[in-house]
Amino acid sequence: MNLEKFQQSMYELIVETSTNLPKDVRRAVKAAAVRENAGTSAAMSLATITNNIQMADENISPICQDTGMPTFKVKTPVGVNQLQIKEAIYEAMIEATKNGKLRPNSVDSLTGENSGNNLGAGTPVIKFEQWEKDYIDARLILKGGGCENKNIQYSLPCELEGLGKAGRDLDGIRKCIMHSVYQAQGQGCSAGFIGVGIGGDRTTGYELAKEQLFRRVDDVNPNESLRQLEEYVMKHANELGIGTMGFGGETTLLGCKIGVINRLPASFFVSVAYNCWAFRRLGVQIDPTTGEIQEWFYQDGEEIVFDAPQQEETKSESRTFTLTAPITEEQIRELKVGDVVKISGRMYTGRDAIHKYLMDHDAPVDLNGQVIYHCGPVMLKDEQGEWHVKAAGPTTSIREEPYQGDIMKKFGIRAVIGKGGMGPKTLAALKEHGGVYLNAIGGAAQYYADCIKSVDGVDLMNFGIPEAMWHLQVEDFTAVVTMDSHGNSLHEHVDKSSLEKLSQFKEPVFS
Ligand code: SF4
């Protein structure tokens, strides 16, 4: 095989997967955008998402800054050297990372050190299969951490919140799947796609669930019982009212694919792999002699054109505020859940490592009245040594729950921006101290990168690019107040109302 050409083909597969959302996924997102009531926060979020998809395409930049766990599935004809394929994939990964198409995402689990090139123990995942066909089928999924953390595995029989007992039958499986959508809320950047694996052991069950994500969004399950179950879930999960980003709304789920394998008599697992709207998976057919791409998968059909984005369109009753740090307590106390905030001026990024660090160290900058953005951006340094933001959407905030309230009070931080909301400890601190939580649109990495006008500095680079504290100059960085300083949390409200709706699906449907 021409290995140089094959490596180039793998590079193209990585870049396209990271920057160009597949057409079957685009069709699902477009249908959701059409369904959503104009003027709501969910409609505004979907408009930002569709705008972001187009920007990523035009800029050939990552759709979301979290370029996920790269997982390759490669089928090769007999006689193709899989060791050479592996090496070519490694080289392509290094190049894609260097060019800012992938964020350095491979972290030593014990030391926290980032390898910097996306290679490391267990990274990337490459699964080989040999087959009788005469071409190579190579597929890639980039599944981010926010949605990966919402995966769930059930062991039947079990008791489920809102749904009661789930037995070892099709109806028990139905309850688990409905519950999996409820428990994810908006934290996996809904509206999402789920792959479900029935049976197997704990490991193969999850593998089967992830495998379902390689199915086309619009395919039809050949197993009639599973087809009916997929149809049921698609209809009723969207009645839970969780909506895009968990803001409430008509669309919570964009796809549901279910597979089944045998199990041990003593075990009955239902495993669910949750994928965000930024469902990045593509595939190619490759000539094993030339190493060239012959065909792309999931990209058939007409170009999907999204209607003109309308980020400005928000609820008629929602108010819009403009804030520039340093922000006063008085300004914060004026904000209420549902308000839209546009931030201009300085903000600082801070995620897991920074929050842990700030608990028992001084801050490298004065954070009084400042804004912290939960974000691990993709950054590139030019030849003059200047940093440029390539992708900068919010990361899941709930991971900072143990620290956030204490840090806000300790340093006088007035606003935190992230996604998915935070818990009771932070809500209490917002009330006591006079702080606000702003929900940005998860995955809208290009949209937010565009709001960042310059990078003015960086601290704590020893934590690696995603975890460092970046000093950003922003303009009209838009987010929604979802937790205010008066004890109100939209996340708490949507969780409660969706649990009530979930309990309507308690009665058996499938015998
Ligand atoms: S869209 Fe959200 S869940 Fe998906 S990779 Fe990006 S931040 Fe993570």
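Note that these values count all heavy atoms, side chains included, but never hydrogens, waters or copies made by symmetry. Both ligands and their constituent atoms are indexed starting at 1 by order of listing.
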Side chain Glu36, main chain Glu250, donor-acceptor under 3.5 Å: yes
Atom indices of ligand 1 within 4.0 angstrom of Gly146 heavy atoms, with elements: 3 (S), 8 (Fe)
Proximal ligand 1 atoms for Asp66, defined as those under 4.0 Å from one of its heavy atoms: 5 (S)
Per-atom contacts, ligand 1 versus Cys64 - under 4.0 Å to a heavy atom: 1 (S), 5 (S), 6 (Fe), 7 (S)
Contact partition for Lys150 relative to ligand 1, non-hydrogen atoms under 4.0 Å: neither
Aromatic ring pairing Phe463/Tyr357, orientation class (parallel under 30°, perpendicular over 60°, tilted between): perpendicular
Minimum-distance protein heavy atom relative to atom 7 (S) of ligand 1: Lys419 CE, 3.4 Å
Option passing salt bridge (charged side-chain N to carboxylate O under 4.0 Å, His left out) with Glu230 (candidates Lys235, Arg215, Arg174): Arg215
Part of Lys143 with heavy atoms under 4.0 Å of ligand 1, whether side chain, backbone, both or neither: neither
Aromatic plane relationship, Phe279 with Phe193 - under 30° parallel, 30 to 60° tilted, over 60° perpendicular: tilted
Atom indices of ligand 1 within 4.0 angstrom of Gly443 heavy atoms, with elements: 1 (S), 6 (Fe)
Shortest protein heavy-atom distance from atom 4 (Fe) of ligand 1, along with the residue and atom involved: Cys276 SG, 2.3 Å
Cys147 to ligand 1, any heavy atom closer than 4.0 Å: yes
Interatomic spacing from CG in Leu358 to CZ in Phe411 - rounded to 0.5 Å: 4.5 Å
Cys189 near atom 2 (Fe) of ligand 1: N/O/S under 2.8 Å: yes
Sub-4.0 Å heavy-atom approach of Arg280 to ligand 1: yes
Whether His355 and Tyr403 hold their rings parallel, tilted or perpendicular, with breakpoints at 30° and 60°: tilted
Parallel, tilted or perpendicular, as decided by the 30° and 60° cut-offs, for the rings of His236 and Phe505: tilted
Modelled atom types, side-chain donor and acceptor of Arg346 and Gln370, under 3.5 Å: no
